[in-house]
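Worksheet: the structure to be examined is printed underneath.
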Amino acid sequence: MPERTSSQPAPSHRMHVLVLGCGPAGLLAAVALAERGVEVTVLAPDPGRAWPNRYGAWVPELEATGLAEFASERWADPIFATPARRQGLGRPYARVDGEALRQRALARLREAGGRCIDERVEDVAAAMRLYAADLVVDASGVPGRKPGPRVLRWQHAYGLEIEVEGAPLGGSMSLMDWTPPSRATAEEWAQRPSFLYAMDLGQGRIFVEETELVSATPLPLATLAGRLLARLGERGIEAKRVLDVERCRLPMAIAPVADEPGVVAFGARAGLIHPATGYSLTRSAAIAPRLAAAVSTGAAAGLRGEALARRARKAVRSARDRRVDALLDFGGALIATWSADDICRFFEAFFSLGEAEWSGLLERSLGPWQLGSVMARVERASPASIRRQLWRAGWQERQRLGAALFGTREQQTEVNP
């Protein structure tokens, strides 16, 4: 996590911000705010509970957001595979030690004067009165606090950390293995595909996870568990002992609720999950300092109430961010309708691009025009069957894509805080 520097100004008015939620997004926001001199109270049910999900990220992203120290294992050449191709991606990837990150964030929050209280909040206005708070950052998740955003598309995954004999993964890490889980499930998989995400953790331990990338009507976790066990059986991998189980349900695309006075959505509740991959940790880590700067400098400039909340919302999702998200959401919605063959052909074309291009899309580092250019190059590299689907969907969504590429008048004139 980035350390506070002396160049960061403290606000002249000591703002009090309530942060709802104690997951990664909530804690990262709370730490960033507290280290800018803001008084912070985190409200969450059971704030000491370990995070249920595991996190991975590209090493350059972890380095850019100050999280590299939490990379517990690293792989220099993660693998992408389909029935027709096996390709090393050559970009370092890491598993994140979520518990170490959580403990460090809690310690830094306490050192900066913040506090955590075991409390579930439904009535924000009442909580603001009770705690005399100036602003609320809602990182309570999805659906989280009611009314919550409506989920349009999900990512479901079922994972196991297990002890095994020998080293069945040979020290490797598979980012996406789109080969069928087993002969018995090949026909079902062809219509509703899922992929293997696998890590050799060393010392006879592996982590394996069956993931449905994105769907409006996701497969049950029991189906993914069955596929994973069939996949392991077909590869001759036997678990000596199950160390941990992960059941993951990520909201990949949401219909957000209307803004509430004095409330700023953050994390999954603000739509910060990548709509085509499911990644969000490093994005929250990158945006948390922006949020904190907007709040502290806005308060120092005399902004209060809803005026300050509007400034903070623009820091969380700027006009540029919304345009990029619209393009990525277009891709995520299309992938959600595809068969296994379509997905395999698409990703084969995608990973045939240069690393700077495909990593820029996955890491959300490209601007709208850059992203549009990458999407056009993927289209040109794809087989005719995929190109036709992309053309058809692009024509149907031409107004939304045009607004994403060129921006609306409001987006063109917006100045980031």
Side-chain angles (χ1 to χ4, degrees), residues 1-3 24 28 51 53-82 85-102 104-105 155 157 159 161 164 167-179 195-211 213 244 246 248 250 272-274 276-289 324 328 347-366 370-371 374 377-378:
M1 299 172 63
E3 299 293 337
L28 289 168
W51 297 335
N53 294 337
R54 285 149 194 80
Y55 301 95
W58 302 101
V59 171
E61 279 192 288
L62 295 174
E63 293 172 343
T65 53
L67 300 181
E69 65 182 284
F70 303 106
S72 55
E73 294 91 12
R74 301 187 184 209
W75 298 269
D77 196 24
I79 295 166
F80 160 72
T82 68
R85 181 190 297 181
R86 184 176 176 86
Q87 174 184 345
L89 298 177
R91 186 172 180 82
Y93 189 87
R95 190 188 200 204
V96 176
D97 186 338
E99 183 58 18
L101 172 58
R102 189 180 73 87
R104 181 67 182 123
Q155 179 179 103
E161 184 173 332
V164 294
L169 301 183
S172 68
M173 182 265 166
S174 290
L175 182 75
M176 285 183 171
D177 184 345
W178 288 100
T179 55
F195 66 91
L196 176 68
Y197 174 76
M199 298 170 163
D200 189 330
L201 304 177
Q203 300 180 326
R205 297 176 303 122
I206 64 173
F207 178 73
V208 287
E209 188 166 63
E210 193 75 23
T211 303
L213 183 58
D244 206 359
E246 179 176 42
C248 186
L250 294 179
L272 298 190
I273 292 178
H274 196 300
T277 67
Y279 287 82
S280 65
L281 176 64
T282 52
R283 191 176 187 208
S284 290
I287 294 176
V324 167
L328 293 173
F347 278 112
E348 287 168 1
F350 177 73
F351 283 117
S352 71
L353 303 182
E355 180 186 320
E357 295 169 310
W358 63 253
S359 67
L361 186 149
L362 295 183
E363 296 173 10
R364 236 173 180 154
S365 61
L366 303 177
Q370 293 172 305
L371 180 57
V374 169
R377 291 200 62 188
V378 175

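Numbers for residues simply follow the sequence, beginning at 1.
Using a distance-only test at 3.5 Å, with no hydrogens or angles considered, a donor-acceptor pair links the side chain of Glu357 to the main chain of Gly354. In this structure, Ser284 contributes its side chain and Leu281 its backbone to no donor-acceptor pair below 3.5 Å. When atom types are taken as modelled, the side chain of Asp77 and the backbone of Leu89 share a donor-acceptor pair closer than 3.5 angstrom.
For the pair Arg95 and Phe207, the cation-pi test (distance below 6.0 Å, angle within 45°) is passed.
Separation of atoms CE (Met173) and CD1 (Ile206) is listed at 13.0 Å; rounding is to 0.5 Å. Rounded to the nearest 0.5 angstrom, Leu353 CG and Arg377 CZ are separated by 5.5 Å. The distance from atom SG of Cys248 to atom CD of Glu210, rounded to the nearest 0.5 Å, is 13.5 Å. For the atom pair CG (Leu371) and CG (Leu361), the distance works out to 5.0 Å, reported to the nearest 0.5 Å. Rounding to the nearest 0.5 Å gives a distance of 7.0 Å between CG of Leu175 and OH of Tyr197. How far OG of Ser359 is from CG of Leu366: 7.5 Å, rounded to the nearest 0.5 Å.
With hydrogens and angles left out, the side-chain atoms of Thr211 and Gln155 include no donor and acceptor closer than 3.5 Å. Under the 3.5 Å distance criterion, with hydrogens and angles disregarded, a donor-acceptor pair is assigned to the side chains of Gln87 and Arg85.
The two residues Ala285 and Leu67 have their closest heavy-atom pair at CB-CD1, 3.8 Å. Annotation for Arg74 and Ala94: closest pair CG-CB, 4.1 Å, computed over non-hydrogen atoms. When all heavy atoms of Pro24 and Tyr55 are compared, the closest pair comes out as CG-OH, 3.3 Å.
Residues Leu62 and Val96 have side chains in contact (heavy-atom distance under 4.5 Å, counting atoms from C-beta outward). By the 4.5 Å heavy-atom criterion applied to side chains, His274 and Arg283 are not counted as neighbours. In this structure the side chain of Trp178 reaches within 4.5 angstrom of the side chain of Phe80, judged on heavy atoms. Using a 4.5 Å heavy-atom threshold, the side chains of Ile79 and Asp177 count as separate. Between Leu328 and Thr277, the closest side-chain pair of non-hydrogen atoms is not below 4.5 Å. Contact annotation: the side chain of Phe347 approaches that of Leu213 to within less than 4.5 Å [non-hydrogen atoms, C-beta and beyond]. Between Tyr93 and Met199 the shortest side-chain heavy-atom distance falls below 4.5 Å. Side-chain contact check for Phe351 versus Val378: every heavy-atom pair is 4.5 Å or farther apart.
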Q. Going through the distances and angles, do Arg205 and Glu73 end up as a side chain to side chain contact (heavy atoms under 4.5 Å, CB included)?
A. CA-CA 12 Å; Arg205 297 176 303 122; Glu73 294 91 12; 4.1 Å; yes

Q: Would you sort out whether Thr82 and Glu348 count as a side chain to side chain contact (heavy atoms under 4.5 Å, CB included), showing the intermediate values?
A: CA-CA 8 Å; Thr82 68; Glu348 287 168 1; 2.5 Å; yes

Q: Evaluate the criterion salt bridge (Lys or Arg N to Asp or Glu O under 4.0 Å) for residue pair Arg104 and Glu99; output intermediate values, then yes/no.
A: CA-CA 8 Å; Arg104 181 67 182 123; Glu99 183 58 18; over 6 Å; no

Q.
Would Arg91 and Glu363 count as a side chain to side chain contact (heavy atoms under 4.5 Å, CB included) here? Give the steps.
A. CA-CA 12 Å; Arg91 186 172 180 82; Glu363 296 173 10; 2.8 Å; yes

Q: Determine, stepwise, if the pair Glu246 / Asn53 fulfils side chain to side chain contact (heavy atoms under 4.5 Å, CB included).
A: CA-CA 7 Å; Glu246 179 176 42; Asn53 294 337; 3.5 Å; yes

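Applying the side chain to side chain donor-acceptor pair (under 3.5 Å) criterion to Thr282, with sequence neighbours excluded, gives Glu61.
Under the 6.0 Å cut-off for aromatic ring centres, Trp58 and Trp358 qualify, their centroids lying closer than that.
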